[in-house]
J.: 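Got a structure here, written out as structure tokens. Questions coming.
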Amino acid sequence: MKNLIFIFLISGMFIRCYDTPYVQGERIYNMHCQNCHMDDGSGLESLIKPLNSSDYLGKDEMICIIQAGILDTIIRGKDFLPKEMPSFEKFSPVEMANLVNYINNRWDKDFKEKTIIDIQRAIKSCR
Ligand code: HEC
């Protein structure tokens, strides 16, 4: 019986690890974003904007926001309490690609994978 439970737990771990093609992106999300934006991307009431319905899904601006942070309080008519999105300057283009592909793959209905070249181009175009 104990062995059965063990096998069940281990297989559960594998299923969990491989249900996204962007495993590194998921790891980065869980480490750096989830505490504010939540696992399901729903955000936190009037404090943290949701990611799962963000207008920036699939857009290059998302990359700039992650790099530079942002503070603007209104999204689609809903007023959020002023709380800053911190900047994450240290992600490499590969990490950034995995992160945004993970986010977009989960929540953008028109998901299209971004290459590392796309990311580098986007970063150059940020103000
Ligand atoms: C300390 C909490 C915090 C963490 C950690 C955090 N964010 Fe945010 N994020 C915010 C807040 C607050 C906003 C809204 C900022 C504003 O516009 O006023 C936001 C906004 C955003 C937006 C814009 C959403 C929209 O539709 O306007 C994106 C995209 C985003 N965050 C992505 C991320 C990613 C990716 C990570 C992890 C690398 C992350 N955030 C980590 C707090 C956080």
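Counting starts at 1 for both ligands and their atoms, in listed order.
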J.: So which protein N/O/S atoms does atom 8 (Fe) of ligand 1 have within less than 2.8 Å?
T.: His37 NE2, Met85 SD
J.: Using 4.0 Å as the upper bound for N to carboxylate O, is an ion pair formed by Asp39 and Arg106?
T.: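 Here Arg106 pairs with Asp39 in a salt bridge, since their nearest N and O are under 4.0 Å apart.
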J.: Which ligand 1 atoms, with their elements, are less than 4.0 angstrom from a heavy-atom of Ser54?
T.: 24 (C), 25 (C), 26 (O)
J.: Looking only at protein heavy atoms, identify the closest one to atom 27 (O) of ligand 1 and say how far it is in Å.
T.: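 The closest one turns out to be Tyr56 CE1, 3.3 Å.
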J.: Any idea which protein heavy atom is nearest atom 12 (C) of ligand 1, and the distance to it?
T.: Lys83 O, 3.2 Å
J.: With side chain to side chain contact (heavy atoms under 4.5 Å, CB included) as the test, would you mind laying out the steps for Val100 and Ile66 before giving the verdict?
T.: CA-CA 9 Å; Val100 295; Ile66 297 170; 3.9 Å; yes
J.: Does Val100 come within less than 4.0 Å of ligand 1, judged by its heavy atoms?
T.: no
J.: With Tyr22, which residues qualify under ring-ring contact (aromatic ring centres under 6.0 Å, His included), at least two apart?
T.: none
J.: Ligand 1 versus Ile103, non-hydrogen atoms closer than 4.0 Å: side chain, backbone, both, neither?
T.: side chain
J.: Is the closest heavy atom of Glu84 to ligand 1 under 4.0 Å?
T.: yes
J.: Does the Lys NZ or Arg CZ of Lys90 fall within the cation-pi geometry relative to Phe88 - under 6.0 Å from the ring centre and within 45° of the axis?
T.: no
J.: Looking at Leu51 and Trp107, what are the two nearest heavy atoms and their distance?
T.: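 Heavy-atom minimum between the residues: CB-CZ3, 4.2 Å.
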J.: Phe80 near ligand 1, heavy-atom distance under 4.0 Å?
T.: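 So Phe80 does not count as touching ligand 1.
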J.: Which residues pass the ring-ring contact (aromatic ring centres under 6.0 Å, His included) test with Tyr56, sequence neighbours left out?
T.: none
J.: Within the 4.0 Å heavy-atom shell around Leu71, which atoms of ligand 1 are there?
T.: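 Once the distances to Leu71 are compared, the set is 18 (O).
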J.: Please could you name the atoms of ligand 1 that Met62 approaches to less than 4.0 Å, counting only its heavy atoms?
T.: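 The list of qualifying atoms is 29 (C).
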J.: Only counting residues at least two apart or in another chain, list the ones meeting side chain to side chain contact (heavy atoms under 4.5 Å, CB included) with Ser125.
T.: none
J.: Are any of the N/O atoms on His32, whether in the backbone or the side chain, positioned under 3.5 angstrom from an N/O atom of ligand 1?
T.: no
J.: Has Lys59 got a side-chain atom pairing as donor or acceptor with Asp55's backbone, closer than 3.5 angstrom?
T.: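 Between the backbone of Asp55 and the side chain of Lys59 there is a qualifying donor-acceptor contact (under 3.5 Å).
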J.: Does the pair His37 and Tyr29 meet the rule for a ring-ring contact (aromatic ring centres under 6.0 Å, His included), with working shown?
T.: CA-CA 9 Å; His37 292 283; Tyr29 185 86; 7.3 Å; no
J.: What are the atoms of ligand 1, with element, lying closer than 4.0 Å to any heavy atom of Leu47?
T.: 12 (C)
J.: Between Ser92 and Glu95, is there a donor-acceptor pair closer than 3.5 Å when you use the side chain of the first and the backbone of the second?
T.: yes
J.: Closer than 3.5 angstrom, by distance alone: can the side chain of Lys114 be matched with the main-chain N or O of Gly58 as a donor-acceptor pair?
T.: yes
J.: Using a 4.0 Å heavy-atom cut-off, say whether Asn35 meets ligand 1 through its side chain, its backbone, both or neither.
T.: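 For Asn35, the contact with ligand 1 is made by the side chain alone.
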J.: Asn98 side chain to Gln24 main-chain N or O, any donor-acceptor pair under 3.5 Å?
T.: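 Checking the backbone N and O of Gln24 against the side chain of Asn98, no donor-acceptor pair under 3.5 Å is found.
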J.: Judged on heavy-atom distance to atom 16 (C) of ligand 1, which of Leu81, Asp72, Leu44 sits nearest?
T.: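 The option holding the nearest heavy atom is Asp72.
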